[in-house]
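If you're wondering where the values come from, they're calculated on a predicted model, not measured in any experiment. Quick note on labels: first sequence line is chain A, next is B, and so on, each numbered from 1.
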Protein chains: 2
Amino acid sequence: MTKSTAIEPAFNRLLQFAVEVFAECGFREATVREICSRANVNVASVNYYFRSKETLYTQALAFAFREANRLYPLDAIINRGLPPEQRLTMFIGNFLHKLLDDSHLGLHSKLIAREIADPTKALDEIIETAIIPQFALLAEIIQQILGTPTDKVIVQRCLLCIFGQCLVFKHSRSIIDRLYPELIADDSAIQASAEHIAQFSIAALSRFAKNNKRG
Amino acid sequence: MTKSTAIEPAFNRLLQFAVEVFAECGFREATVREICSRANVNVASVNYYFRSKETLYTQALAFAFREANRLYPLDAIINRGLPPEQRLTMFIGNFLHKLLDDSHLGLHSKLIAREIADPTKALDEIIETAIIPQFALLAEIIQQILGTPTDKVIVQRCLLCIFGQCLVFKHSRSIIDRLYPELIADDSAIQASAEHIAQFSIAALSRFAKNNKRG
DNA sequence: GCTTGTATTAAACAGTTGTTTGAAATTATT
DNA sequence: AATAATTTCAAACAACTGTTTAATACAAGC
């Protein structure tokens, strides 16, 4: 044991700090040397354990998703026994906390948001394994609120509306920090923002539901 | 005249292709050599005309905003004579077309979206000169729909909801392209998406307006 | 026609990048 | 204890980066 920090093996430490640095800097601007420096391992370790910077990135991304689902599981929301409005509120709260939890997941979700905004080859697998299931769950809830089977395109547009209202807190974080910092000041503020999005969306959806019955 | 493409002077060509390359690659991944190659000028020209890569980026960003406002002016929406619902619909349509117009502005808005998602030093000036005025206009329209003077925080949250519903089409373009390409297939599809966001938002806002009167 | 100031060029610079190397250290196996 | 396999290391590599240089080409002014 040559390193004082070597409680975790080098492989795991690399993965962990890769998430950190890739999230802060993006794939290209992140340097192998910076990751290794923080992980307290030699520069050559990346190529020894991961073959290349690119596969390290891919594995870091997968790791980030695993952590996100571990810390913020969707289990409770999948329960179809609950009223759909409550499930939607829970879904949005879960999503927003996932996005804005700086203490645990901030870096993970930032890494993911980065990949969505500026995709690499790794995106396709992520869409398959992580995004499609989440979208399916949200689509099911929306369909339930809208009532009688609705045009698929309308469900998709509503889904994007809700998705966008949450994601803006991550993607436009720089603007919110400067103009409306009180909206995300602490956990209770985030919770209030989440509830606002839920109320906003439920109000819109139930209006659509009415039109749906009439038409 | 040593260059065949030198209808525009070198300075302007640099600015134009800087927008293109910075939008495609981001600030760091974009190379001065690539910009100069496309602009058909010598590598040294960037430092000759702009002192550094960084000031070229700043100027390219300002140029992108000027072009966006030139091609999609907000003039008609500022008119306070129109009903606020109509103004909101126009605002959203304007914004979404700005974001998704691949033929003219796609690169400009991508550059701007990039700067928001991953800010450099240039962001602060952009917020002052471009974002705050646009937010003020949208806030005014929202306030008008909500009726009797509303809590400022609620207006801000509604503003972010609408902003986010539009911006998701840019930031999550990679996902939409793969999962729901028909939503942005052509101009009429974009228009339909814009109208959906407007209806969704107006439905939510008018529900809030009711609660506002009662409370 | 000469001078002055601007524009353009090829070449080089100094720094950083991901990756490779081959030896040394460590651990596991017999 | 001796051998084999794995892990770690400092050093170097080749490629690429933004920037500078100093020489050249060009136009305008007198």
Side-chain angles (χ1 to χ4, degrees), chain A residues 1-61 63 111 114-115 118 120-122, chain B residues 1-63 111 114-115 118-122:
Chain A
M1 189 168 304
T2 51
K3 295 288 170 187
S4 58
T5 44
I7 306 165
E8 288 273 319
F11 183 91
N12 291 16
R13 267 180 297 144
L14 269 175
L15 216 47
Q16 178 187 335
F17 287 101
V19 170
E20 196 174 295
V21 178
F22 282 133
E24 285 175 17
C25 312
F27 174 72
R28 177 65 189 288
E29 196 150 355
T31 71
V32 170
R33 278 172 176 79
E34 176 66 21
I35 295 169
C36 292
S37 162
R38 294 198 200 177
N40 209 13
V41 301
N42 187 271
V43 221
S45 303
V46 163
N47 298 83
Y48 180 75
Y49 285 108
F50 295 92
R51 203 182 76 230
S52 71
K53 180 188 180 184
E54 199 178 315
T55 63
L56 172 60
Y57 176 76
T58 306
Q59 301 233 30
L61 210 51
F63 178 70
L111 184 59
R114 243 182 218 288
E115 177 64 25
D118 197 9
T120 71
K121 287 181 230 160
Chain B
M1 188 168 304
T2 50
K3 293 289 170 188
S4 58
T5 44
I7 307 166
E8 287 272 320
F11 182 91
N12 290 16
R13 265 179 299 145
L14 269 174
L15 216 48
Q16 177 188 335
F17 287 101
V19 170
E20 196 175 295
V21 177
F22 281 133
E24 286 175 16
C25 312
F27 174 71
R28 178 67 190 288
E29 195 150 357
T31 70
V32 171
R33 279 172 175 79
E34 176 66 21
I35 295 170
C36 291
S37 163
R38 293 198 201 178
N40 208 12
V41 301
N42 188 271
V43 219
S45 302
V46 162
N47 298 83
Y48 181 74
Y49 285 108
F50 295 92
R51 204 182 76 230
S52 72
K53 180 189 181 184
E54 199 177 315
T55 62
L56 171 60
Y57 176 76
T58 307
Q59 300 233 29
L61 210 51
F63 177 70
L111 184 59
R114 245 182 216 289
E115 176 65 26
D118 197 9
T120 70
K121 287 182 230 159

Visitor: Can you sort out the partners of A:Thr120 under side chain to side chain donor-acceptor pair (under 3.5 Å), two or more places apart, ordered by chain and number?
Guide: A:Glu115
Visitor: Test of understanding: with side chain to side chain donor-acceptor pair (under 3.5 Å), list the residues that count as partners of A:Glu54, not counting sequence neighbours.
Guide: A:Lys121
Visitor: What pairs with A:Glu20 under salt bridge (charged side-chain N to carboxylate O under 4.0 Å, His left out), at least two apart in sequence or on another chain?
Guide: A:Arg38
Visitor: How bent is the helix from C:dG1-D:dC30 to C:dT30-D:dA1, comparing axes over its five end pairs at each side, to the nearest 10°?
Guide: 0°
Visitor: My understanding is that only residues two or more places apart in sequence, or in another chain, count here; which of them pass side-chain contact (heavy atoms from CB on, under 4.5 Å) with B:Tyr48?
Guide: none
Visitor: Rounded to whole angstrom units, what separation is found between the CZ atom of A:Arg13 and the C1' atom of D:dT7?
Guide: 12 Å
Visitor: For B:Phe27, is the NZ or CZ atom of B:Lys53 found under 6.0 angstrom from the centre of its six-membered ring and inside 45 degrees of the ring axis?
Guide: yes
Visitor: Does C:dA7 have its OP1 or OP2 closer than 4.0 Å to a side-chain nitrogen or oxygen of B:Tyr48?
Guide: yes
Visitor: Under the side-chain contact (heavy atoms from CB on, under 4.5 Å) test, which residues partner A:Val43, sequence neighbours left out?
Guide: A:Val32, A:Arg33
Visitor: Using only side-chain N and O atoms of B:Tyr49, determine if any of them is under 4.0 Å from OP1 or OP2 of C:dT6.
Guide: no
Visitor: Let me have a per-nucleotide readout for nucleotides 10-21 of chain C, 5' to 3', with B, S or -, counting only protein heavy atoms under 4.0 Å.
Guide: B-B----BBBBB
Visitor: Partners of A:Ser37 by side-chain contact (heavy atoms from CB on, under 4.5 Å), sequence neighbours excluded?
Guide: none
Visitor: Give one of base, sugar-phosphate or nothing for A:Phe11, where a contact means two heavy atoms less than 4.0 Å apart.
Guide: nothing
Visitor: Reckon A:Phe50 touches a base, only the sugar-phosphate, or nothing at all at heavy-atom distances under 4.0 Å?
Guide: nothing
Visitor: Can you sort out the partners of A:Asn47 under side chain to side chain donor-acceptor pair (under 3.5 Å), two or more places apart, ordered by chain and number?
Guide: none
Visitor: Measure from CD1 on B:Ile35 to C1' on D:dT19 and round the result to the nearest Å.
Guide: 14 Å
